[in-house]
Protein chains: 2
Amino acid sequence: MSDNKAKTLKPTSDAVEILHRRLYEGKPARLKNLEEARANEEIARKIQELRAAAALTQTQLAKLIGTTASVICRLEDADYEGHSLAMLRRIAGALNQRVEIRFVPIRRSA
Amino acid sequence: MSDNKAKTLKPTSDAVEILHRRLYEGKPARLKNLEEARANEEIARKIQELRAAAALTQTQLAKLIGTTASVICRLEDADYEGHSLAMLRRIAGALNQRVEIRFVPIRRSA
DNA sequence: CAGTCTATTCGCAATATTGCGAAAACGCAA
DNA sequence: TTGCGTTTTCGCAATATTGCGAATAGACTG
């Protein structure tokens with residue numbers, strides 16, 4: 001539903017992890033991108049979960065926040081990188097939630 | 001430092017709260033704006049705190065994330081409403097933090 | 001199969017945020 | 001007071017995000 005692409009059919013062993021090591025080991029720049037991608041994925045999934053929990057279609061949620069279904073769909077796309085606080089707050093508001101933002105220290109280690 | 005305006009000199013009693021009641025009681029729309037304003041204020045203050053904790057000037061932090069001091073100043077302005085995830089992440093990254101986002105249920109009561 | 005509802009993708013206009021330099025204001029110490 | 005570093009404000013160009021319709025795809029039912 002979310003992850004619109006990357007439908008890799010279950011890899012033989014843990015090739016994914018091997019690939020991960022090969023590509024990202026000791027490369028902070030790439031790692032950072034990876035982290036961001038994961039964060040975006042998480043946001044997308046969370047929006048979709050909240051909407052589902054409220055038993056709303058994309059169209060219904062869209063109307064609640066004054067936009068269209070295609071916009072909601074874009075937000076729920078795991079590959080979407082344009083999430084904004086403003087939009088997250090609109091979604092949250094319509095679903096009786098609020099957006100909490102925290103800065104948490106990161107452990108820089110291996 | 002942060003709150004660039006609204007330097008009301010300590011009110012007589014709790015006039016602030018009285019004013020609050022008069023203006024916002026039972027008015028969700030206004031309340032929502034108020035909440036957003038508070039959230040923005042909090043973000044601004046947090047950025048300023050993180051920067052101070054790292055012992056950086058606005059110019060120094062600006063260079064770390066590839067922008068200028070005026071941009072940092074704008075972010076630390078309590079009245080600024082344009083905070084974006086992208087920018088918060090850049091700040092966090094430069095300060096060895098990560099941005100955590102959570103949707104938390106809101107209590108709709110008096 | 002057709003019909004219906006939902007979700008997804010695309011393109012472009014509209015709005016919002018960022019980039020950035022310059023000038024002014026501030027705080028502090030000599 | 002002057003000088004110096006920092007912060008704040010302003011204006012506008014550049015980039016990013018949103019708005020939105022239309023077309024397509026998927027899932028499900030009769």
Side-chain angles (χ1 to χ4, degrees), chain A residues 1-7 9 32-33 36-37 39-41 43-95 99 101, chain B residues 1-7 9 32-33 36-37 39-41 43-95 99 101:
Chain A
M1 224 173 267
S2 296
D3 210 359
N4 298 335
K5 301 166 186 174
K7 278 244 160 81
L9 29 154
K32 190 176 177 185
N33 290 341
E36 274 189 22
N40 287 328
E41 227 175 280
I43 292 175
R45 191 177 51 232
K46 193 64 190 170
I47 293 175
Q48 129 83 12
E49 278 174 10
L50 283 179
R51 179 176 63 81
L56 295 173
T57 66
Q58 291 179 339
T59 305
Q60 289 172 325
L61 175 55
K63 272 176 188 158
L64 276 181
I65 68 171
T67 184
T68 60
S70 60
V71 171
I72 303 296
C73 180
R74 186 162 50 195
L75 297 178
E76 293 183 1
D77 180 347
D79 293 335
Y80 181 60
E81 299 183 346
H83 293 292
S84 77
L85 266 185
M87 183 58 88
L88 294 185
R89 281 176 180 156
R90 285 165 64 189
I91 305 264
L95 268 31
V99 178
I101 287 148
Chain B
M1 228 173 267
S2 295
D3 209 359
N4 298 335
K5 299 167 186 173
K7 278 243 159 82
L9 28 154
K32 189 175 177 186
N33 290 340
E36 274 189 22
N40 287 328
E41 229 174 278
I43 292 175
R45 191 176 52 231
K46 194 64 190 169
I47 292 176
Q48 128 83 14
E49 278 173 11
L50 283 179
R51 179 175 63 81
L56 295 173
T57 66
Q58 291 180 337
T59 305
Q60 289 172 325
L61 176 55
K63 274 175 187 159
L64 277 181
I65 67 172
T67 185
T68 60
S70 61
V71 171
I72 303 296
C73 179
R74 187 162 50 194
L75 297 178
E76 292 183 0
D77 181 346
D79 292 337
Y80 181 61
E81 298 183 349
H83 294 291
S84 77
L85 266 186
M87 183 58 89
L88 293 185
R89 282 176 179 155
R90 285 165 64 189
I91 305 264
L95 270 32
V99 178
I101 287 148

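Note on naming: letters A, B, ... go to the chains in the order of the sequence lines (proteins, then strands), and numbering restarts at 1 for each one.
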Nearest 0.5 angstrom please: [X] [atom1] to [Y] [atom2], how far?
X: A:L88; Y: A:I101; atom1: CG; atom2: CD1; value: 8.0 Å
X: A:L50; Y: A:L95; atom1: CG; atom2: CG; value: 5.5 Å
X: A:L61; Y: A:C73; atom1: CG; atom2: SG; value: 12.0 Å

Please tell me if the side chains of B:R51 and B:Q58 come closer than 4.5 Å, counting only heavy atoms from C-beta onward.
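Yes; the side chains approach each other to less than 4.5 Å.
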What integer distance in Å separates [X]:[atom1] from [N]:[atom2]?
X: B:E76; N: D:dT7; atom1: CD; atom2: P; result: 8 Å
X: B:L61; N: D:dG5; atom1: CG; atom2: C1'; result: 17 Å
X: A:Q58; N: C:dA7; atom1: CD; atom2: C1'; result: 5 Å
X: B:D79; N: D:dT7; atom1: CG; atom2: C1'; result: 16 Å
X: B:D77; N: C:dC26; atom1: CG; atom2: C1'; result: 16 Å

Between the opening five pairs and the closing five pairs of the helix from C:dC1-D:dG30 to C:dA30-D:dT1, how far apart are the helix axes, to 10°?
40°
More than 12 foreign heavy atoms under 6.0 Å from CD of A:E81: is that the case here?
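For A:E81, atom CD is not crowded (no more than 12 foreign heavy atoms under 6.0 Å).
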Count the heavy atoms of every other residue, nucleotide or ligand shown that sit under 6.0 Å from CD of A:E49, and state whether that count exceeds 12.
yes
A:R45 bridged to A:E76 by N-O distance under 4.0 Å
no
Which nucleotides of nucleotides 16-22 of chain C have their base under 4.0 Å from a protein heavy atom (B), which only their sugar-phosphate (S), and which neither (-), written as one string 5' to 3'?
-SBBBB-
With sequence neighbours left out, which residue pairs that include part of residues 50-86 of chain A fulfil the ring pair (Phe, Tyr, Trp, His ring centres under 6.0 Å) condition?
A:Y80-A:H83
